[in-house]
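What follows is a set of notes on a single structure, which appears directly below.
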Amino acid sequence: MICSYCENDSIYHRKYSGENLCFDCFNKSIEQQIYRTISKFKMLEPQDKIILGLSGGKDSMVLLFNLIKIQQKIPNSPSIIAITINEGILGYREKNIRKSKEYCKKNNIEHKIISFKEKLGKSMDEILEIYKKNYLEPYPCNICATIRRRLLNDVGKNLGGTVLALGHNLDDVSQTFLMNLLRKDFYKISRMNPFLEENNEIYLKKIKPLMKIPEKEIILYAQNKELDFVNNPCPYKLKYPILRKRVQLFLNNCEEYSPEIKF
Ligand code: SF4
Ligand code: ZN
């Protein structure tokens, strides 16, 4: 198969648009989509101080790689600060932290590692133990994600950030939307990025420049660019039957016959 835009062999068939893309055209299309999303939703101003949530996984690595490239084109723009949150889940984050540290050092990016233990006095494992001791059924992701979001915001604010950049991709955003719909949580839907632009005394403005890119394309792009990301599933995600997992399976299933459904 030949690329839809040049004479090279195609490496990827984009089902939702019908395009066939070679290595270079595929990579270019991802970078253009990130740029278009930032510009369409006015996510960034030249003088924004970007705080980036860096987990060491594919999404945040792809986002950092691209934001560095975008920033290099803007003279005198404030430098990015990456924050990695260590939830304190045994055997889970160590590798991510090491890779994040290495990447930031190589690219001269200021990097902060913030742990639940240091900020709250308890690691995620310890918090869940308390739930169990009190015979309560914990929903680890709800607890963990709420604390993580708050820490990223508060630490980012203290560091003088004006924008919090998160690596949520199209799959994440469409799952969250459907979950909110299933729970009839219209308030949360109305507050979903990019509908709401928070930038006030408490909350940083959140931006999700990867929100129009499907997860499988992020993986392919990260591999093409040889980004050294970690693919290490969290033990709690595997152990607890969370709604997100079911919604994810449902959407992936629908995508088989309706390739554009996540958009
Ligand atoms: Fe936390 Fe859930 Fe993510 Fe694990 S999968 S790090 S528990 S939000
Ligand atoms: Zn091409």
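Read the numbers this way: they start at 1 and go in the same order the structure lists the ligands and their atoms.
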Classify the side-chain pair S115/R93 by whether it contains a donor and acceptor separated by less than 3.5 Å. no
Any idea which protein heavy atom is nearest atom 3 (Fe) of ligand 1, and the distance to it? R148 NH1, 3.9 Å
Inter- and intrachain pairs under side chain to side chain donor-acceptor pair (under 3.5 Å), touching residues 9-27, at least two apart: Y5-E19, Y12-E217, H13-N20, R14-Y16, R14-E19, R14-S29, R14-E217, Y16-E217, S17-E19, N27-N224
Are E102 and S100 close enough that a side-chain donor and a side-chain acceptor fall under 3.5 Å? no
Would Q72 and K69 count as having a side-chain donor-acceptor pair, cut-off 3.5 Å? no
Under 2.8 Å from atom 4 (Fe) of ligand 1, which protein N, O or S atoms do you find? Ignore water molecules. C234 SG
Of all residues at least two apart in sequence or in a different chain, which pass the side chain to side chain contact (heavy atoms under 4.5 Å, CB included) check with I202? R150, N200
Which residues pass the salt bridge (charged side-chain N to carboxylate O under 4.0 Å, His left out) test with K262, sequence neighbours left out? D171, E255
